[in-house]
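Report on one structure; see the data block that follows.
Just so it is clear, the model here is predicted, and its values are computed rather than measured. Whatever order the structure lists ligands and atoms in, that order sets their numbers, starting from 1.
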Amino acid sequence: MGTIAQNLESVLARIDSAARHAGRDAQAVRLVAVSKTHPFSMIQEAYGAGQRDFGENRLEELLPKMDEAQAAGLTDIRWHLIGPIQSRKTQMAIVPLALIHAVDRLKIATRLSRDAQTAGQCMPVLLEVNVSGEASKHGFAPEELDGAVGEALSLPGIRVEGLMTMAPFVEDEAVIRAVFGGLRRLRDHLCAEYPQMGTELSMGMTNDFEIAVTGGATLVRVGSAIFGERQV
Ligand SMILES: *Cc1c(COP(=O)(O)O)cnc(C)c1O
């Protein structure tokens with residue numbers, strides 16, 4: 001591993017190259033640097049190298065880091081909550097977030113809607129889809145998504161900006177490609193049916209972000225390739 005700045009540069013170059021090979025504009029892919037478990041000093045280092053989008057998977061870790069950033073004068077960070085929200089904690093998520101990536105059931109959407117309305121806010125969200133169908137994965141089943149999107153779009157206080165998924169941890173690139181392709185087709189189908197739905201596709205992590213970029217990702221969530229191995 002190099003320094004955080006070198007790692008960022010290399011990840012951005014790989015995104016650029018994957019986009020170019022797919023005939024896509026690399027500007028259409030946003031890199032979310034996943035800083036979970038790492039200290040705030042590493043966020044500062046990445047910020048110094050120009051990174052502005054940061055992702056955390058737990059509110060308990062995200063909120064103190066947002067406070068630290070504010071205190072350090074890093075006021076233009078775009079924060080992404082990429083992990084699941086527990087239903088009794090939705091109120092904690094009504095903070096200035098760029099995007100909530102992993103709304104995995106209607107109960108969460110409904111509670112976010114209620115809490116956002118109470119606070120006079122509107123939260124941008126993605127619906128997480130369990131494309132691979134693994135029992136261990138969160139998210140809407142593809143076949144229930146149509147109805148769920150219709151309901152989520154009718155909720156005030158949240159804005160459905162698109163879809164998110166996680167590929168299975170496998171070596172076989174074809175399997176990963178099929179999962180990302182599946183999410184993209186779901187997005188295309190739903191956006192045709194519901195023009196008010198956003199077109200974001202959050203997919204791709206350290207092991208598979210180039211496949212995701214080739215497959216149409218607009219947001220990739222990359223941690224280890226930037227910050228190194230996680231401690232916990
Ligand atoms: C931790 C995490 C990532 C980043 O994982 P890496 O393999 O370190 O890039 C991406 N998405 C989610 C939802 C995560 O929890």
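Nearest protein heavy-atom neighbour of atom 11 (N) of ligand 1: Arg221 NE, 2.9 Å. Protein heavy atom closest to atom 12 (C) of ligand 1, with residue, atom name and distance, is Ile82 CD1, 3.4 Å. Distance from atom 15 (O) of ligand 1 to its nearest protein heavy atom, with residue and atom name: Lys36 NZ, 2.6 Å. Met205 CE, 3.4 Å is the protein heavy atom nearest to atom 5 (O) of ligand 1.
Val179 and Leu183 fall within the same hydrophobic cluster, defined by Ile, Leu, Val, Met, Phe, Trp and Tyr side-chain heavy atoms under 4.5 Å apart, directly or through other members.
Residues that satisfy the salt bridge (charged side-chain N to carboxylate O under 4.0 Å, His left out) test with Arg177, not counting sequence neighbours, are Glu173.
Among Leu31, Ile4, Ile77, the one residue that satisfies the side-chain contact (heavy atoms from CB on, under 4.5 Å) test with Gln51 is Leu31.
Of the candidates Ile226, Thr206, Asp208, Thr206 brings a heavy atom nearest to atom 7 (O) of ligand 1.
The two atoms that bring Val213 and Arg24 nearest to each other are O-NH1, 2.8 Å, heavy atoms only.
A salt bridge between Arg58 and Glu56 is absent, with no side-chain N of the basic residue lying under 4.0 Å from a carboxylate O of the acidic one. Comment: Glu61 does not engage Lys36 in a salt bridge, judged by the lack of any side-chain N to carboxylate O separation of less than 4.0 angstrom.
Residues Ile82 make up the rest of the hydrophobic cluster containing Val34, defined by ILVMFWY side-chain heavy atoms closer than 4.5 Å, directly or through other members.
Remark: ligand 1 atoms within the under-4.0 Å shell around heavy atoms of Ser224 are 6 (P), 7 (O), 8 (O), 9 (O). Each of the atoms 9 (O) of ligand 1 lies under 4.0 Å from some heavy atom of Val222.
If you look at His101 next to ligand 1, there are no close heavy atoms at all, none under 4.0 Å.
For the pair Gly223 and ligand 1, the shortest N or O to N or O distance falls below 3.5 Å.
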